[in-house]
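We name chains A, B, ... by the order of the sequence lines, and we start the count at 1 in each one. Both backbone and side-chain heavy atoms feed into the values below; hydrogens, waters and symmetry mates do not.
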Amino acid sequence: MGENLVIVESPAKAKTIEKFLGKGFIVKSSFGHIRDLAKKDFGVDIKNQYKPIYIVPEDKKKIVSELKKFKKNAKLVWLASDEDREGEAIAWHLSEVLGLTEENTRRIVFHEITKNAIQSAVENPRKINYNVVQAQQARRVLDRLVGFQLSPLLWKKIKPSLSAGRVQSVAVRLLVEKEREILNFKTSSSYKVSAIFSFLDPDGKQVEIQAELSRKLKDLDEARDFLTQCGLASYEIARLATKSLKRSPAPPFTTSTLQQEAGRKLGFSVAQTMSVAQKLYEAGKITYMRTDSVNLSSLALNTAKKVIDEEFGNKYHQFRKYQTKTKGAQEAHEAIRPTYLENKDIDGPAAGVKLYNLIWKRTMASQMSNAEIEKTTATISISNMPDVFTATGEVIKFDGFLKLYSVTTDEDSVSGSKTILPPLREGEKLHYEMITASEKFTQPPYRYSEASLVKKMEELGIGRPSTYAPTISTIQNRGYVVKEHLDGNERDIVVLEMTDGKVKESKKAEKYGRERSKLVPTDIGMVVNDFLTEHFKSIMDYNFTALVEKEFDEIASGNLEWVKMIDRFYSDFNTRVEKTLKESEKTTGERVLGIDPASGEEVLVKVGRYGPLAQLGKVREDYKPRFASLRKDQRIETISLEEALDLFKLPREIGNFENNSMIVAISKYGPYIRHDGKFYSLEKQDDPLSINSERAIEIIRIKREQDSKKVIKTFSENENLKILNGRWGPYISYEKKNYKIPKNDNPEELSLENCLTIIANSKKKKSAKKK
DNA sequence: CAGTGAGCGAGCTTCCGCTTGACTT
C-alpha cells in the first residue's frame, strides 16, 4: 500500500497529480470543505467566545470515512489544499477530523499543476498556518452572524423565507440603485451635425469623406441657423494630423472575465459558462476555472511562444507577465487556460468547443505583440464660421494580437466600425454633398447583466470566484431580481438635412431603451433593500467587505485575535438587530397614489403576502377594501393612479358565446378569458381592458383548433397511451410521462406495440446512463 | 397553470465558500 496519502480539494486535480508523483503516493480529494458550522442552534456559541460548532455535513460523511481509511495505511499525510484562506482552513479541518499529528503531517502548496511545481512542493513542506485558519474562522463566523440574524429579521418584518447576507444584499443594492438612477434620469436632447464632403482626386475621380462637427448644437433653432450658414460656406482641409497608437492585449481569463466574455461573445449565462468550463476541466482540457489569478505557468508561457512563432511568426510574439489588480485576490491557482496550448481545437459538444476556443484565443493573444494603429484626423474649416468639422480614420499598421482576439464591451454595438480615409492633403477644397443635423437624446445608464454585475462585485471585492454564479442564482431565486428582455420604446427625433443650400426638416422614429437579458430588481427586492440600508447602513456599505477583509488580513498575519475582531463587530451589530426588532413596524413598501374619483377611496400599492398589489380604501368597520395584483410589468415605484385604477376593472364580463359568459381577467400567468370552465390566454397585442367579444371568440376558436390537432392518434386497446403533437413536434404520452419518437418513424403509422417498444427502449437507455 | 390579501399557530425558511454530482426537459 502507499506510504504517502496526499489530499487535494478537487478530484480532477487528484488524478493528474497522482500521475506526476508516481509510486508510493496515493492522491485523494476532500471535495472542498469537509466541515461546516452546524445549522441548528446557530452554529456559533455567542456567549462562549463565539465558539464555532463544527459538524461534518451529511453529504461529506462518506468522503471523510474514506479518507480515514486511507489515512490508517499511510505513514505520512500531505495536506495539499489550495494556498488561500479557505484552503488553509480545509487543511486544518482535515487534520482535526483525521486526528493527524505534527509528526505524521506535512502541509504543501502549489499554484500550478506541473511536474516541477509539485515536486518542489513536496520538497518544501511546511506546517499549518493557524493565523490564516483563524482568519478563515472569523470570515465564516461573521457571515453566519450576519446571515442568520438578518434573515429572520426579514421574516418578521417583511415576509417569510427571505434572506440577507454580506454578499447577496450588496449585490441587490447595486441593482436597486442602478434602477433608480435610470428611473430618475432626466433625458435631454441636442443636435449632432455630420457632413458628407467630396473632392476630385488626382485621377479626376470623385471621392467622398464623412466628417462630424466637433461640438453639439443645443436646440432646433441653433441647428437650423447653423445649417443655413453651412449652405453659404466653402470648405477646405485646414490641417491633417496622424498619430500612432498602440493597443495591448487583455490578460488571460479569470473566472470573472471568462463569465463576461462568454456572456458577450457566446451569449452564455454565468451559470452556463461555469458548467461548460467544469466539463472542460474534468476532461483535462483547461486548467481550473474558479480563479482570480492572471498568472500563467512558465510551461504555458514557453508553449505559447512556440505556438505563436510557428503559427504567426516570431514578430507576433511578446512575452508578458500580468499582475492582478483585483481587490482581495488570493491567487491560489493559475489563470484559466488550455492545458495544452498546442491544441487549437478540441472535439465534443458545441458549447464546450466554443468556450475552449475563446479561452485558447484569449490565452494566446495575451502573449502576442501590440497592435499598431495609425489614426488620421483631418480638420475641415468652414469659411463663414469658427467651427470645424473633423474626419477621422484608422489604419492598422500591424495587427499583432488583434489577429486573434479583440475585447468587446457592452456599448460596442452602438459605436459602429472604424473608417479608413482616402489619401488627403492640406489645403484641399471640399464641396459639401449633404450636411445633416439630427436630434440626439442623452441615454440613461445601462442595466447590469449577470456578467457585468459579477464584474462590479469583483471590483468591490465582494464574493469569490466560486460564489459569483451561485450568488446570481440566489438573488433571482429569492425573487429580489428578475432577468428580463426589455423591449424599449419608440420616439420621434427631428432630422434636418441641407443639400444645395436648402434645409429640409423631417421626423424619424427611433427605438431606444432596448436591453437583452438584464437584471431588474423587483418590488420585494427594493423593499428589502430599503429596509436593510435604513437599519444596517454599515453592512450595506459597498466598502464593508473591503473593511472586514483588512481585519481578516491582520488576523492572518498574527496582529489581531479573531475573537476580538468578531466581538467588536457583533456588539454593535447585535444592538442594531435588537433595536430594529423592537422598534420598527412591519414593512410593506406602501405608497399612496391618490384618491379614486369614483368612490372617494384612497388608492395605495404595497407588497403583500403573494406579491405586489393595489388596494382601494383601508379597512374600516363598514368597509372592506378591494385588492388587485399588479401586472408583471408594473412596479410599486412607478405605477400611476390611473394604471392602478384600471386594475380594479378586472375581472370583466365581455359577452356571451354558446350560452356561456366570457370573463376576462389577469392571473399570475398573464391575461386570460374564462369560458365554460376553460381558460384561454390572450395574445401579447390584446389589451384585457378593451378586448371585445368578437376577438375573444376568435381566440377561443383558434385554441380549439390547435387542441384538435394536438391528438395524432389514440388506441382503443390502451387509453393511457396517446400520440400527441407538442411544441417540439410529435411525441408519445403514456402514464403521465412523455417519450421521444425516433426520427425515422412516422408518428401516424405507429402501432401500439411500436409505441410500447419505444417506451421500453427509452427506459433501458436511462438505466444504462445511471450505471 | 388561472379567485388569494382576516387571524391564529406550528414548523420551516436563512449566510459564504470550498467541492461535485443529482435531477429534469
For nucleotides 11-21 of chain B, 5' to 3', base contacts (B), sugar-phosphate-only contacts (S) and non-contacts (-) with protein non-hydrogen atoms under 4.0 Å give --BBBBBBBS-
I'd like to know if Arg626(A) pairs up with Glu601(A) as an ion pair, taking the criterion as any Lys NZ or Arg NE/NH1/NH2 lying under 4.0 Å from an Asp or Glu carboxylate oxygen. no
ring-ring contact (aromatic ring centres under 6.0 Å, His included) filter on Phe110(A), not counting sequence neighbours, yields none
- Without hydrogens or angle criteria, can the side chains of Tyr672(A) and Arg674(A) be said to hold a donor-acceptor pair below 3.5 Å? no
Contact check, residues 622-632 of chain A vs DNA chain B, heavy-atom distance under 4.0 Å, returns Phe627(A), Ser629(A)
Checklist entry - With a cut-off of under 6.0 Å to the ring centre and 45° to the axis, is Arg144(A) in cation-pi contact with Phe148(A)? => result yes
Here DNA chain B, pairs taken as Watson-Crick or G-U under 3.5 Å and shown with ( ), [ ] when crossing and | when to another strand, reads .........................
Exactly one of Ile673(A), Ile699(A), Ile691(A) clears side chain to side chain contact (heavy atoms under 4.5 Å, CB included) with Met662(A), and that residue is Ile673(A)
Original post:
Hey, is Asp143(A) close enough to Arg139(A) for a salt bridge, meaning N to O under 4.0 Å?
Top reply: yes
note: Leu682(A), atom CG; dA2(B), atom C1'; distance rounded to Å ~ 12 Å
Separation of dG5(B) atom P from Lys618(A) atom NZ, nearest Å, is 19 Å
Please assess His33(A) against Arg140(A) for the test side-chain contact (heavy atoms from CB on, under 4.5 Å), listing each intermediate value before the final yes or no.
-> CA-CA 12 Å; His33(A) 275 293; Arg140(A) 183 68 191 90; over 6 Å; no
Looking at side-chain heavy atoms only, is the closest gap between Trp562(A) and Phe552(A) below 4.5 Å?
no
Residues passing the salt bridge (Lys or Arg N to Asp or Glu O under 4.0 Å) test with Lys279(A), sequence neighbours excluded, are none
Self-check item: Carboxylate-amine/guanidinium proximity below 4.0 Å for Glu549(A) and Arg85(A)
Solution: yes
The correct set of residues in residues 606-615 of chain A placing a heavy atom under 4.0 Å from DNA chain B is Gly608(A), Arg609(A), Tyr610(A), Gly611(A), Leu613(A)
Original post:
Contact class for Ser30(A) vs. all strands (heavy atom < 4.0 Å): base, sugar-phosphate, or nothing?
Top reply: nothing
Margin query: Less than 3.5 Å apart, any donor N or O on the side chain of Thr474(A) or Asn477(A) sitting next to an acceptor on the other?
Written below: no
Asp523(A) CG to dG5(B) C1', in whole Å, measures 16 Å
Does any donor atom in the side chain of Glu83(A) or His111(A) lie under 3.5 Å from an acceptor atom in the other side chain?
-> yes
* To do: Test the Arg620(A)-Tyr623(A) pair against the cation-pi criterion, namely NZ or CZ under 6.0 angstrom from the six-membered ring centroid and within 45° of the ring axis.
  => yes
